[in-house]
Amino acid sequence: MRAFALAVVMALSPLAAHAGEAVPYSVDGEAFEGYRAKPAGASKGLVVIIHAWGGLTSYEQKRADMIASLGYDAFAVDLYGKGNRPTDTDARKREATKLYEDRARMKKLLIAGLNEARKGGDGAAVVIGYCFGGAAALELARSGEAKGVKGYVTFHGALKTPEGESYAAGTPPILILHGGADTSVTMEDVATLLSELEAAKVPYQIEVYSGAPHGFTNFEGERYQKRADERSWNAFTNFLAEVFGS
């Protein structure tokens, strides 16, 4: 409980200092910049964070710091490229759409980010994502190309499966954290995903928070809902403890 309370305080404080560091890396000659935060003591495991449609910002950095405070290594990947952090809605939509329309590139960048997070190793990891990042996490799950991943978590992420894709038996456990008042990702989308995961016999858990809109965990935005944020964070930390046995 103490660690959870500390994490919430860090999240809500705009003055919370970042404990991590920027990590430049390249993918086929393109420059990217991730963010790494390390625990004070021995690591319980690795958590890889995929950013929302605004790119890797202070929000993902704060989440990485919160995860590190719980005793895990945390690495936020960059799918847009170093310095590409769109701030207006049209620009954010444009950057996200580029990857939605080029799933091969999305998967390549996700795998590259996962490899950078591990520094070339093969340590076990949990992959999480926010909004666009949640959709990307599920893309990685469906690909079956990410080795050593023990689970996937999506916070208010897009849930639709693109035509021609599916979940394979043996996919690691998936935790879906969704807002009941989300008008961008509907309950119909949730139900469809549930049916797909059931059919593929993929272990899953879906939590729906009443009255929570899309983006309910973004403590830097107008849609933030404290109750849903805290409950989803608690579900996430329980998931980490379960899959890592920590």
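- A distance of 9.5 Å separates CG in L175 from CD in E242, rounded to the nearest 0.5 Å.
- Counting heavy atoms from C-beta on, the side chains of K160 and T192 never come closer than 4.5 Å.
- The environment of NZ in K108 is crowded: more than 12 heavy-atom neighbours from other residues, nucleotides or ligands sit within 6.0 Å.
- Around atom NZ of K107, more than 12 heavy atoms belonging to other residues, nucleotides or ligands sit under 6.0 Å away.
- Counting only heavy atoms from C-beta outward, the side chains of N218 and R223 never approach each other to under 4.5 Å.
- In summary, of the residues considered (I128, L46, D73), a side-chain contact (heavy atoms from CB on, under 4.5 Å) with I67 occurs for I128 alone.
- Rounding to the nearest 0.5 angstrom, the gap separating the CG atom in L79 from the CG atom in L110 is 5.0 Å.
- Summarising the geometry of V202 relative to P172, their closest heavy-atom pair is CG1-O, 3.8 Å, with the distance given to 0.1 Å.
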Using the side-chain contact (heavy atoms from CB on, under 4.5 Å) rule, take E198 and Y204 through it: C-alpha gap first, then chi angles, then the decisive distance, then the call. CA-CA 8 Å; E198 279 288 341; Y204 69 89; 2.7 Å; yes
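- A distance of 15.5 Å separates OH of Y100 from CZ of R105, quoted to the nearest 0.5 Å.
- With sequence neighbours excluded, no residue forms a side chain to side chain donor-acceptor pair (under 3.5 Å) with T97.
- A donor-acceptor contact closer than 3.5 angstrom links the side chains of Y59 and T217.
- We find the OG-CG distance between S43 and L70 to be 11.5 Å, quoted to the nearest 0.5 Å.
- Looking at heavy atoms from C-beta onward, T89 lies in side-chain contact with W53 at the 4.5 angstrom threshold.
- Both W233 and Y72 sit in one connected hydrophobic cluster of ILVMFWY residues. Membership requires side-chain heavy atoms under 4.5 Å apart, directly or through other members.
- A donor atom on one side chain and an acceptor atom on the other are found under 3.5 Å apart for T161 and E196.
- In this structure, F32 and Y25 have parallel ring planes: the angle between them is below the 30° cut-off, well short of the 60° mark.
- Counting heavy atoms from C-beta outward, P86 and R92 have side chains that approach closer than 4.5 Å.
- For E95 and K98, the salt-bridge test passes: some basic side-chain N is under 4.0 Å from an acidic carboxylate O.
- For the atom pair OG of S232 and CD1 of I176, the computed distance is 12.5 Å after rounding to the nearest 0.5 Å.
- T186 contributes a side-chain N or O that, together with a main-chain N or O of D189, makes up a donor-acceptor pair within less than 3.5 Å.
- A salt bridge links R142 with E165; the closest basic N to acidic carboxylate O contact falls under 4.0 Å.
- Not a single side chain to side chain donor-acceptor pair (under 3.5 Å) links D88 to another residue, sequence neighbours left out.
- Contact detail for A124 and F244: the closest heavy-atom pair is O-CE2, 3.9 Å.
- At a threshold of 4.5 Å between side-chain heavy atoms, the hydrophobic network of Ile, Leu, Val, Met, Phe, Trp and Tyr places L140 and I49 in two separate groups.
- The residues E139 and R103 are annotated as salt-bridged, a charged nitrogen and a carboxylate oxygen being separated by less than 4.0 angstrom.
- Between F239 and P173 there is a side-chain heavy-atom pair separated by less than 4.5 Å.
- Linking ILVMFWY residues whenever their side-chain heavy atoms come closer than 4.5 Å, directly or via other members, leaves L177 and I174 in distinct clusters.
- Of all the heavy atoms in D65 and A37, the pair that sits closest is OD1-CB, 3.6 Å.
- Between the side chain of R227 and the main chain of S210, a donor-acceptor pair closer than 3.5 Å is present.
- If you chain together hydrophobic residues whose side chains sit under 4.5 Å apart, L138 and L109 fall into the same group.
- Note: Y80 and F132 have tilted aromatic rings, judged against thresholds of 30 and 60 degrees for the angle between ring planes.
- Aromatic ring pairs are classed by plane angle as parallel below 30°, tilted from 30° to 60° and perpendicular above 60°; the pair H156 and F216 is perpendicular.
- Checked by atom type, the side-chain pair S58/E220 shows a donor-acceptor distance below 3.5 Å.
- You'll find the side chain of R36 reaches within 4.5 Å of the side chain of K119, heavy atoms only.
- V127 and V153 fall into different hydrophobic clusters, where Ile, Leu, Val, Met, Phe, Trp and Tyr are joined by side-chain heavy atoms under 4.5 Å apart, directly or via other members.
- Salt-bridge check for R85 with D78: passed, with a basic side-chain N closer than 4.0 Å to an acidic carboxylate O.
- Here the closest heavy-atom approach between residue A125 and residue L114 is recorded as CB-CD1, 4.2 Å.
- The minimum heavy-atom distance linking E60 with A52 is given by the pair OE2-N, 3.1 Å.
- Taking the side chain as every heavy atom from C-beta outward, H178 and D182 approach each other to under 4.5 Å.
- Counted within 6.0 Å of NZ on K44, heavy atoms from surrounding residues, nucleotides or ligands total more than 12; the atom is thus considered enclosed.
- Contact detail for V27 and A112: the closest heavy-atom pair is CG2-CB, 3.5 Å.
- No donor-acceptor pair closer than 3.5 Å links the side chain of T171 to the backbone N or O of Y167.
- A heavy-atom distance below 4.5 Å is found between the side chains of V126 and V243.
- Taking CD of E207 as the reference point, atom CG of N234 lies at 8.5 Å (rounded to 0.5 Å).
- Ring centroid separation for the pair Y35 and F75 does not come in under the 6.0 Å cut-off.
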So V23 and E33, side-chain contact (heavy atoms from CB on, under 4.5 Å) or not? Walk me through it. CA-CA 5 Å; V23 178; E33 186 172 83; over 6 Å; no
Please determine whether side-chain contact (heavy atoms from CB on, under 4.5 Å) holds for the pair L194 and I206, giving the CA-CA distance in whole Å, both sets of side-chain angles, and the decisive distance to 0.1 Å. CA-CA 8 Å; L194 183 156; I206 298 176; 4.1 Å; yes
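- The pair R63-D229 meets the salt-bridge criterion, with a side-chain N (NZ, NE, NH1 or NH2) lying under 4.0 Å from an Asp/Glu carboxylate O.
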